[in-house]
Amino acid sequence: MNKMDLLKEVEEMLYHNLLCYSKNYLRNEPKKEYVKEWEKTNEQIGLVKEIMKDVQRNIQQTISYQVRNGESDIIGSFCILNQAIAFAEKKKKEYVRNCDNSKVWVEIEGEEKEIYIAKGYTNEETEEFE
């Protein structure tokens, strides 16, 4: 569950409450005995909608750093560049251990530009014996 899911549940609950306080299914007029509750619920619905717009706007403004492998598959997505770089380096180590020299890189979501390429790791046991 994320923030938007929670806000949608709250909005649904408020619409249900508004229906209970309303004279009809259009929810445009309160029952006589629930005028205050109806008005308060209408106000709460408006606030929740504003909050949902703010959250959506923040989600759209957040930069996402994606880690991709040699086949261009997304293997990780992060909001912080250092976390994405550390993950790319970790994956590159795993690939090298499995004798796979695939390229691993970090890019900003939506851009094709590689902003960081994970370093290759070499096996240090390459000394030759006479």
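Since this is a predicted model, take the numbers as computed values, not measurements.
In terms of heavy-atom proximity, Ala118 sits nearest to Ala88 at CB-O, 3.7 Å. Nearest heavy atoms, Tyr65 versus Ala84: CB-CB, 3.8 Å.
Identified under the ring-ring contact (aromatic ring centres under 6.0 Å, His included) test for residues 70-95, with sequence neighbours left out: Phe78-Phe87. The list of side chain to side chain donor-acceptor pair (under 3.5 Å) pairs with a residue in residues 19-32, not counting sequence neighbours, reads Ser22-Trp38, Lys23-Glu29, Asn24-Asn28.
Residues that satisfy the side-chain contact (heavy atoms from CB on, under 4.5 Å) test with Glu107, not counting sequence neighbours, are Gln66, Arg68, Trp105. Tyr116 is linked by a side chain to side chain donor-acceptor pair (under 3.5 Å) to Glu89, Lys119, counting only residues two or more places apart in sequence or in another chain. For Lys3, the side chain to side chain donor-acceptor pair (under 3.5 Å) criterion is met by no residue, not counting sequence neighbours. Under the side-chain contact (heavy atoms from CB on, under 4.5 Å) criterion, Met52 pairs with Met4, Leu7, Lys8, Glu11, Val48, sequence neighbours left out. With sequence neighbours excluded, the residues satisfying salt bridge (charged side-chain N to carboxylate O under 4.0 Å, His left out) with Glu114 are Lys103. For Glu12, there are no salt bridge (charged side-chain N to carboxylate O under 4.0 Å, His left out) partners two or more places apart in sequence or in a different chain.
From Ile75, atom CD1 reaches atom NZ of Lys90 across 10.0 Å, with rounding to the nearest 0.5 Å. Between the CD atom of Glu37 and the CG atom of Asn17 there is a distance of 10.5 Å, given to the nearest 0.5 Å. Atom-to-atom distance recorded for Asp54:CG and Arg57:CZ is 5.0 Å, nearest 0.5 angstrom. Residue Ile45 holds its CD1 atom at 13.0 Å from NZ of Lys40, rounded to the nearest 0.5 Å. Rounding to the nearest 0.5 Å gives a distance of 14.0 Å between CD1 of Ile51 and CD of Gln56. Here the OG atom belonging to Ser64 is positioned 11.5 Å from the CD1 atom belonging to Ile80, to the nearest 0.5 angstrom.
Within a 6.0 Å radius of CD in Glu94, more than 12 heavy atoms belonging to other residues, nucleotides or ligands are found.
In this structure a side-chain-to-backbone donor-acceptor pair under 3.5 Å is present from Asn69 to Glu71.
Under the 4.5 Å side-chain criterion, counting only non-hydrogen atoms from C-beta, Leu81 is in contact with Val106.
Taking hydrophobic clusters as Ile, Leu, Val, Met, Phe, Trp and Tyr residues chained together by side-chain heavy-atom distances below 4.5 Å, Ile85 shares a cluster with Ile115.
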